[in-house]
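Single-structure report; data block below.
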Amino acid sequence: MDTPFDVTAWRPTRVPKPGDLELSDNDITSLGLQLQDQTNAIHAHAYDPNTWLQRAKTLKELRYPELALGDAHKASALCRKHLNRLDDGTKIFWRLGHRMGFWMLDPDEPRDEEQNDMLEQYLVRLQSRAHQVEVNCMYFFPEHEEGRFRRRAYPWIHESHRQRSDNLLDLLSQEFADNIANHEDDERPHCVVRRHAFGQSDNGKDTRDVLGVFAAKGIDAGEEILVDKTRTWGCNGPGRNVDMRNLFGGKGCGDPIHPNDESDDANLDLRWIRDDAGKQAATTLLNCRLLLCCIQDSVEHPLDHPLIARLTPTYREDKMNVYSLLHDFTLPNQALQRFGIDIFANHNFDTWVLFTIQARVLNNSCGDPIAECLNPLFCLFNHSCEPNVLWTTAEDHRTIRVRAARNLQQGEQLFVEYDGFMSDQPLATRRKRMMQWLDGPCQCSRCAREEKEIQRQRKEKRDSVSEVETREWDIPNHAKVVLPEDLLVPLKN
Ligand SMILES: C[S@@+](CC[C@H](N)C(=O)[O-])C[C@H]1O[C@@H](n2cnc3c(N)ncnc32)[C@H](O)[C@@H]1O
């Protein structure tokens with residue numbers, strides 16, 4: 001946000017409303033410059049609620065309600081923090097520093113009540129304006145703390161965070177080579193990652209960034225190709241049914257230490273997230289765990305973390321999504337703070353970064369009623385409705401095992417079936433279902449074959465129907481069609 005962006009790359013996330021005025025290129029350019037200035041102001045005065053509030057307003061005008069909500073929420077939180085400080089009884093000798101970056105102890109100059117009251121009133125006013133922006137960015141139906149939006153790539157995203165680099169591809173192939181399944185009797189890896197997984201472009205679309213997994217050698221039917229255990233996962237709470245055989249309830253996760261991991265530090269107890277998140281706990285926990293990985297691995301910018309950089313997002317033009325104050329703002333920001341991140345001063349974890357990560361995770365994670373996981377190698381496989389590899393989830397809900405469905409040749413692309421319950425369904429049903437993971441219609445060879453067949457049958461039908469129609473409806477040249485308007489009905493008195 002602190003660098004200018006190309007007007008042509010601007011795609012609002014707000015769902016259009018009737019009566020919306022179009023923003024001209026000039027409007028977008030000047031709002032973009034305003035955004036840039038306000039971001040720089042936030043960098044300089046990270047604890048001043050007014051800087052966050054001003055940027056929230058600009059983001060709202062630029063039609064990014066989810067980002068405006070994020071900034072307004074931070075402005076509110078800062079006002080609350082400063083107001084609490086004013087209320088804690090030590091206010092007499094404390095002064096709120098310039099642009100509110102700090103509180104100063106000034107024992108020689110006690111503040112008078114009037115000054116404190118003025119400051120308090122200012123903060124209360126600011127908080128109420130921030131709250132107003134928050135409210136305007138939510139929809140009140142069906143849930144008053146949610147808003148609707150369309151996921152889009154933000155125009156200011158840095159070039160290096162847009163595409164996967166060759167170095168990253170090498171790293172991914174190395175991860176496949178290091179996978180435990182490769183070391184049983186043959187040291188050669190089973191798989192490599194390659195670009196142009198759906199062929200070279202014939203429609204102008206750049207397929208360089210479409211990755212896929214390919215057989216690095218001949219593989220026998222039934223052979224295990226990959227055992228992919230993830231560290232980025234989340235599980236749902238214990239569920240509501242009280243069942244004494246499962247101390248954690250009837251349907252949820254029954255593991256006593258979950259959602260913590262055996263290797264987690266004692267101070268990283270994540271159960272509070274699960275308890276607060278309710279029925280969406282697994283996804284929220286997965287997102288928080290991913291943030292935790294960035295912090296534990298000391299990666300400066302989360303979009304540089306190889307676990308995140310490898311993921312391709314999906315931005316379906318027409319799909320409406322929901323953002324939630326609790327799941328997308330309050331809980332991730334509280335988690336970041338508990339993990340030691342200053343969410344006001346560290347801009348690498350800004351709201352747009354969290355939404356960018358989310359768009360990638362959604363397109364690459366998989367789950368069951370108990371858990372939601374992001375498996376770092378499995379997520380690179382493309383889908384086919386006639387897969388050549390099969391996958392199963394282990395009992396821990398976090399490990400995916402992949403094996404060959406038939407003999408595979410070196411160089412063949414390996415395809416899994418994303419939804420195993422779809423294979424018996426007709427083309428249209430399968431494609432509709434697959435839309436949630438693919439940006440467009442499924443391009444697998446079975447779909448292409450069936451589509452061709454359907455087109456052929458349609459053409460055949462059209463040709464035979466038009467023959468019949470010609471016979472039945474053809475009007476001889478000499479016959480004149482009598483239209484109702486041509487009929488004169490004699491009227492008698
Ligand atoms: C889980 S990722 C698979 C790896 C991905 N190709 C990549 O470049 O990172 C899923 C994405 O791959 C693409 N994809 C996978 N299978 C596909 C298929 N059968 N038809 C069209 N696109 C597919 C879609 O863009 C989808 O959103």
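In each ligand, atom 1 is the first atom listed, and ligand 1 is the first ligand listed. Numbering of residues begins at 1 and proceeds along the displayed sequence. Bear in mind the structure is a predicted one, so any value in this text is a computation, not a measurement.
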Q: Decide yes or no on salt bridge (charged side-chain N to carboxylate O under 4.0 Å, His left out) for R195 and D166, but give the supporting numbers first.
A: CA-CA 10 Å; R195 295 185 187 278; D166 288 342; 2.7 Å; yes

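- Near V210, with a cut-off below 4.0 Å to any heavy atom, the atoms of ligand 1 are 8 (O).
- At least one heavy atom of F198 sits under 4.0 Å from some atom of ligand 1.
- Heavy-atom proximity to D209, at under 4.0 Å, picks out these atoms of ligand 1: 8 (O).
- Aromatic ring centres of H158 and H301 lie farther apart than the 6.0 Å criterion allows.
- The ring of W352 has its center no closer than 6.0 angstrom to the ring center of F5.
- By the 6.0 Å contact criterion, CZ on R271 is open, its count of non-hydrogen atoms from other residues, nucleotides or ligands being 12 or less.
- Between the side chain of W233 and the backbone N or O of L285 there is no donor-acceptor pair closer than 3.5 Å.
- When the options R430, R449, R446 are evaluated for a salt bridge (Lys or Arg N to Asp or Glu O under 4.0 Å) with E386, the one that passes is R449.
- Note: Y154 and Y64 meet the aromatic proximity criterion, with ring centroids under 6.0 Å apart.
- Residue contacts with ligand 1 for N363 involve both N, CA, C or O and side-chain atoms from C-beta outward (heavy atoms, distance under 4.0 Å).
- The shortest N/O to N/O separation between L211 and ligand 1 falls below 3.5 Å.
- Closest to atom 20 (N) of ligand 1, if we only count protein heavy atoms, is Q443 N, 2.9 Å.
- In the vicinity of W437, heavy-atom distances shorter than 4.0 Å reach the ligand 1 atoms 26 (C), 27 (O).
- At a 4.0 Å cut-off, at least one heavy atom of C379 sits close enough to ligand 1 to count as contact.
- Below 3.5 Å of separation, one finds no N or O of N364 facing any N or O of ligand 1.
- Taking every heavy atom of both residues into account, W391 and E417 meet most closely at NE1-O, 2.9 Å.
- Given atom 13 (C) of ligand 1, the protein heavy atom at minimum distance is N382 OD1, 3.8 Å.
- The shortest contact between atom 25 (O) of ligand 1 and any protein heavy atom is with D439 N, 4.4 Å.
- Between F198 and F415, the ring planes are tilted. Angles from 30° to 60° get that label.
- Counting the atoms of ligand 1 from 1 in the order shown, those under 4.0 Å from a heavy atom of C442 are 19 (N), 20 (N).
- The proximity of Y418 to ligand 1, defined as any non-hydrogen pair under 4.0 Å, is limited to the side chain.
- Closest to atom 19 (N) of ligand 1 by heavy atom, among R164, H383, R446, R316, is H383.
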